[in-house]
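Since the model is a prediction, treat every value here as computed from it, not as a measurement. A, B, ... follow the sequence lines: proteins, then strands. Residue 1 opens every chain.
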There are 2 protein chains.
Amino acid sequence: MRIGELGKAAGVDGETIRYYERAGLLPTPARTHNGYRAYGVAHLERLAFIRHCRALDVPLAEIRRLLDFVDRPDADCGDIDRLIEAQLTRVRARLKSMRALEKQLAALRSRCEAGHVAAECGILHELVAAAHGEACACHASAPDSAAGARAAKRR
Amino acid sequence: MRIGELGKAAGVDGETIRYYERAGLLPTPARTHNGYRAYGVAHLERLAFIRHCRALDVPLAEIRRLLDFVDRPDADCGDIDRLIEAQLTRVRARLKSMRALEKQLAALRSRCEAGHVAAECGILHELVAAAHGEACACHASAPDSAAGARAAKRR
DNA sequence: CTAAAACCCTGTAGCCGCTCCAGGGTCAAG
DNA sequence: CTTGACCCTGGAGCGGCTACAGGGTTTTAG
């Protein structure tokens with residue numbers, strides 16, 4: 001299998017496959033006489049595994065650790081447990097801040113009716129009000145807006 | 001006001017302020033005799049505005065556009081409307097895929113009880129099963145798992 | 001048979017939004 | 001007079017790709 005075929009089979013761009021190889025996630029494949037990468041079924045499996053984990057938003061570093069488990073089937077499995085648990089915790093935290101975000105944006109949007117001029121735009125007014133530390137439709141109180149900013153940062 | 005004070009007032013790191021300046025979001029401030037940046041209230045306002053938008057996960061490029069509106073109060077406001085609408089759409093799409101993600105991870109977690117060895121780990125089995133294109137606790141059917149991957153990519 | 005299109009290779013740079021570092025200067029307190 | 005807190009510039013690094021440039025090879029169409 002050449003890189004294009006493998007890519008098509010796994011739904012991944014060829015450049016990304018080469019990137020995974022450089023990153024040490026995919027073993028270096030054999031080469032044909034002309035230097036093209038030659039992949040086997042094992043590679044496709046491993047690549048599908050990686051994509052599946054990425055679909056779960058698992059970072060590449062942790063995928064590397066998971067792949068280690070795949071390669072050493074006699075290792076203790078508690079670590080896998082904890083890894084998934086940690087990922088779930090991350091995702092839930094992010095979900096929470098995203099839900100708050102949606103509310104804030106929805107509130108903002110309702111402030112503006114089209115056809116205005118910027119000076120009278122409710123959205124802009126709200127955003128500028130935040131700059132004065134006033135309570136606004138987005139953030140209940142000023143000190144908390146800073147906390148929101150911090151929450152958004154630490155995804 | 002020096003950069004440290006400004007940073008404290010707005011809850012932003014000094015390095016980030018300099019970054020915003022380089023990025024063209026904050027106007028270049030005056031300098032004191034020794035070369036230190038000297039900020040006024042206008043800078044604090046503008047910085048707070050930026051942080052507020054960032055808390056709403058608005059990209060810097062769009063914040064730049066919003067700041068243009070702040071500076072030109074006679075412009076048409078429909079664009080602001082559309083900008084917030086687009087941001088809301090982005091956030092909602094991301095929310096949707098995150099919710100799916102949470103479900104998948106929760107399902108995965110329930111597959112494993114501690115004390116096992118990797119070879120018998122339900123989580124690992126599920127993840128490997130995906131590599132074979134089988135239906136798994138995470139993804140109802142194989143073809144859709146590729147779609148999930150694509151959705152996760154395009155945040 | 002040939003020319004064009006489609007694939008492959010390597011290596012490097014860019015994206016976002018910061019964050020951190022090295023290697024220096026400046027200033028107030030103890 | 002030293003210590004420590006602050007400030008400066010310029011550059012590199014993060015993650016997870018993506019997009020070149022500048023070459024080579026293979027496949028397909030005419």
Side-chain angles (χ1 to χ4, degrees), chain A residues 1-26 28-39 43 47 50-65 67 87 90 94 97 101 146 148-155, chain B residues 1-26 28-39 43 47 50-65 67 87 90 94 97 148-155:
Chain A
M1 227 185 328
R2 298 197 305 189
I3 200 170
E5 289 172 86
L6 177 62
K8 212 163 282 175
V12 185
D13 191 71
E15 306 250 29
T16 305
I17 295 175
R18 282 192 283 258
Y19 170 77
Y20 287 158
E21 186 184 327
R22 256 174 324 194
L25 288 164
L26 273 180
T28 53
R31 299 290 183 128
T32 58
H33 68 285
N34 52 17
Y36 289 9
R37 287 171 179 78
Y39 294 101
H43 287 99
L47 182 53
I50 294 168
R51 291 314 289 183
H52 188 71
C53 293
R54 286 297 300 135
L56 298 175
D57 222 5
V58 177
L60 294 190
E62 304 221 330
I63 297 177
R64 228 175 327 241
R65 288 176 51 206
L67 285 170
Q87 178 63 14
R90 266 199 300 276
R94 183 121 176 75
S97 78
L101 183 50
R150 260 173 279 118
K153 258 172 62 180
R154 133 179 52 78
R155 291 178 236 187
Chain B
M1 226 184 333
R2 297 196 305 189
I3 201 171
E5 289 173 84
L6 177 61
K8 212 163 282 175
V12 185
D13 192 71
E15 305 251 30
T16 305
I17 296 175
R18 282 192 281 259
Y19 170 76
Y20 286 159
E21 186 183 326
R22 258 179 323 216
L25 288 164
L26 273 180
T28 53
R31 298 292 181 128
T32 57
H33 68 285
N34 53 19
Y36 290 9
R37 287 171 178 80
Y39 294 101
H43 286 99
L47 182 53
I50 294 169
R51 292 313 289 181
H52 188 70
C53 293
R54 286 298 299 134
L56 298 174
D57 223 4
V58 176
L60 294 189
E62 305 220 330
I63 297 178
R64 229 175 327 243
R65 288 176 51 204
L67 284 170
Q87 178 62 14
R90 264 199 302 275
R94 183 120 177 76
S97 79
R150 262 173 277 117
K153 257 173 62 180
R154 118 175 71 71
R155 302 178 224 186

Restricting to nitrogen or oxygen on both sides, can you table the protein-nucleotides 6-8 of chain C pairs closer than 3.5 Å?
{"from": "dC8(C)", "atom 1": "OP1", "to": "Gly4(A)", "atom 2": "N", "distance (Å)": "2.7"}

Interatomic distance, Ile63(B) CD1 vs dG17(C) C1' [rounded to whole Å]: 10 Å
Distance, rounded to the nearest Å, where Arg22(A) contributes CZ and dT12(C) contributes C1': 10 Å
Expected output: side-chain Glu5(A) to main-chain Arg2(A) donor-acceptor under 3.5 Å: yes
N or O in side chain of His33(A) less than 4.0 angstrom from dG24(D) OP1/OP2: no
Quick one: which protein N/O atoms are closer than 3.5 Å to N/O atoms of nucleotides 3-5 of chain D? Pair and distance per line, please.
none

Gap between atoms OH and P, on Tyr39(B) and dC6(D) respectively (whole Å): 16 Å
Check: Ile63(B) and Leu67(B) side chains under 4.5 Å, non-hydrogen atoms: yes
Sugar-phosphate, base or nothing in reach of Arg31(A), heavy atoms under 4.0 Å: sugar-phosphate
Arg94(A) and Arg94(B): CA distance, side-chain angles, deciding distance, side chain to side chain contact (heavy atoms under 4.5 Å, CB included) verdict: CA-CA 11 Å; Arg94(A) 183 121 176 75; Arg94(B) 183 120 177 76; 3.8 Å; yes
Distance in angstrom units between Tyr20(B) OH and dC16(C) P, rounded: 14 Å
Any donor-acceptor pair under 3.5 Å from Arg64(A) side chain to Ala23(A) backbone: yes
Test item: Arg37(B) and Arg18(B) side chains (from C-beta on) under 4.5 Å apart, heavy atoms: yes
Nucleotide dT12(C), atom P - distance to OH of Tyr19(A) in whole Å: 17 Å
Shortest non-hydrogen contact from Arg51(B) toward Ala10(B): CG-O, 4.4 Å
Under-4.0 Å side-chain N/O to phosphate OP1/OP2 contact, Thr16(B) with dT19(C): yes
Short side-chain donor-acceptor distance under 3.5 Å, Tyr20(A) and Arg54(A): no
Whole-Å distance separating the CD atom of Glu15(A) from the C1' atom of dT10(C): 11 Å
Separation of dG17(C) P from Leu26(B) CG (nearest whole Å): 15 Å
From CD1 (Ile50(B)) to CG (Leu26(B)), nearest 0.5 Å: 4.0 Å
5'-most by nearest nucleotide on DNA chain C - Pro59(B) or Asn34(B): Pro59(B)
Check: Leu60(A) and Tyr19(A) side chains under 4.5 Å, non-hydrogen atoms: yes
Distance, rounded to the nearest Å, where Glu21(B) contributes CD and dC18(C) contributes P: 15 Å
